[in-house]
2 protein chains.
Amino acid sequence: MPIKADLDAIDWKILRELQDDGRMTNVELSRRVGISAPPCLRRVKRLEDEGIIQRYRALLNAPALGMDVVAFCLVGLNRQSEVDLKAFADRTRGWPIVRSAWMVSGESDFMLHCLAPDLGTFQTFVIEELTSSPNVDTVRTALTIRQVKDDGLVSI
Amino acid sequence: MPIKADLDAIDWKILRELQDDGRMTNVELSRRVGISAPPCLRRVKRLEDEGIIQRYRALLNAPALGMDVVAFCLVGLNRQSEVDLKAFADRTRGWPIVRSAWMVSGESDFMLHCLAPDLGTFQTFVIEELTSSPNVDTVRTALTIRQVKDDGLVSI
DNA sequence: GTGAATGCGCAAGATTCTTGCGCGAGTCCC
DNA sequence: GGGACTCGCGCAAGAATCTTGCGCATTCAC
């Protein structure tokens with residue numbers, strides 16, 4: 001894990017622009033941040049090499065691809081030993097419906113971000129896979145109605 | 001909102017590759033999906049034009065940028081009329097700590113994905129901004145310990 | 001003042017993007 | 001069947017971009 005980065009204003013502009021459009025050409029990016037293309041490319045490469053930019057991803061339109069149900073699941077376990085936590089984390093990676101997952105502290109132990117083609121598929125997953133999984137105590141679900149904000153993870 | 005797309009195997013390969021590396025060159029992409037560059041570029045453009053690919057985004061390393069606290073907040077409102085829901089949704093857009101937000105159904109009305117530089121900043125936000133916001137009834141927070149899965153939103 | 005370090009911009013070759021065009025496979029209607 | 005049409009691929013060439021090396025200006029420390 002890298003040390004806290006020291007970034008100047010241009011670096012922050014680059015990060016903001018690439019969060020907004022990760023496929024922007026380097027020429028366009030350099031124009032927007034106010035330097036010429038070669039040093040701009042070197043800055044981007046440095047940000048990638050230092051792990052500040054972790055990756056680039058295309059964001060897809062789930063409903064257009066037949067995925068109409070987005071939901072969150074808060075999962076509580078009976079036992080929270082390191083072995084138990086790791087076992088459940090491993091299990092989440094084997095479930096395609098679970099698109100991302102976090103280990104959390106609070107009333108629950110895991111937060112799952114889920115995606116399914118329809119409500120039936122999601123309910124079947126919750127009942128037959130999630131709730132009936134070993135060591136799972138409680139499952140609370142929140143079906144999303146619509147997303148009201150979607151900014152990048154790190155602001156400005 | 002577009003009609004359900006009809007995509008062939010090559011389109012799905014393209015979507016998978018661009019979810020994995022959204023900044024891949026078209027030449028490399030075409031090599032991976034097994035067609036030449038021009039038709040590959042035309043397919044990507046079509047996927048973008050139809051809104052199936054919504055955007056490209058650089059994913060940043062939050063801790064390296066001094067953002068050590070990632071949390072989820074489940075917010076329940078006193079009144080859930082359309083006006084009330086819209087008012088709270090608008091409010092979330094004005095909070096930089098809230099990076100993304102969903103309107104949900106279930107025990108709560110909104111799910112907030114939050115990012116803060118430290119625990120104190122996050123707690124101040126919850127107490128002085130979120131809990132004390134008009135019409136907010138309940139706030140349950142789940143601090144993330146670590147992310148255990150992070151796939152793209154739509155699989156394969 | 002001087003030397004080292006940093007980071008910019010210029011320039012040129014390599015690579016990629018982008019467009020128009022021709023060709024072959026599949027389909028539909030006669 | 002046969003002909004016209006549609007669709008999507010690949011080739012090719014010019015435009016744009018990427019990538020690298022290099023020279024120069026600024027800054028900092030000594």
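Within every chain, numbering begins at 1; the chains are lettered A, B, ... in the order of the sequence lines, protein sequences first and strands thereafter.
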Do [X] and [Y] have side chains that get closer than 4.5 Å, going by heavy atoms?
{"X": "B/I52", "Y": "B/D11", "result": "no"}
{"X": "B/W12", "Y": "A/L65", "result": "yes"}
{"X": "B/R23", "Y": "B/Y56", "result": "no"}
{"X": "A/T141", "Y": "A/F122", "result": "yes"}

Can you give me every donor-acceptor pair (side chain of residues 123-131 of chain B, partner residue at least two apart or in another chain, under 3.5 Å) with its distance?
from, atom 1, to, atom 2, distance (Å)
B/T124, OG1, B/G120, O, 2.8
B/E129, OE1, B/W95, NE1, 3.2
B/T131, OG1, B/V126, O, 2.7

- Item | Short N-O contact, A/E50 and A/R46, less than 4.0 angstrom | yes
- Query: Is any NZ, NE, NH1 or NH2 atom of the basic residue among B/D150 and A/R57 found under 4.0 Å from an Asp or Glu carboxylate oxygen of the other?
  - Reply: yes
- Listed in order of residue number, which residues of residues 40-48 of chain B have a non-hydrogen atom at under 4.0 Å from DNA chain C? B/L41, B/R42, B/K45
- Query: Between B/E17 and B/V44, is a side-chain contact (heavy atoms from CB on, under 4.5 Å) present by the stated rule, with each step listed?
  - Reply: CA-CA 11 Å; B/E17 293 293 341; B/V44 172; over 6 Å; no
- Query: Quantified as the angle between the terminal helix axes (five pairs each), what is the overall bend of the helix from C/dG1-D/dC30 to C/dC30-D/dG1 to 10 degrees?
  - Reply: 30°
- Query: Under a 4.0 Å heavy-atom cut-off, which of residues 21-36 of chain B touch DNA chain D?
  - Reply: B/I35, B/S36
Return a table of donor-acceptor pairs under 3.5 angstrom between the side chains of residues 85-92 of chain B and protein atoms on other chains or two or more places apart.
from, atom 1, to, atom 2, distance (Å)
B/K86, NZ, B/D90, OD2, 3.2
B/D90, OD1, B/R93, NH1, 2.4
B/R91, NE, B/S133, OG, 3.3
B/T92, OG1, B/A89, O, 2.6

- Query: Just the endpoints, please: which first and last nucleotides of DNA chain D, 5' to 3', lie under 4.0 Å from a heavy atom of chain A?
  - Reply: D/dT17 to D/dG21
- Might you work through the side-chain contact (heavy atoms from CB on, under 4.5 Å) test for A/D151 and A/Q19, ending with a clear yes or no? CA-CA 8 Å; A/D151 288 355; A/Q19 276 200 104; over 6 Å; no
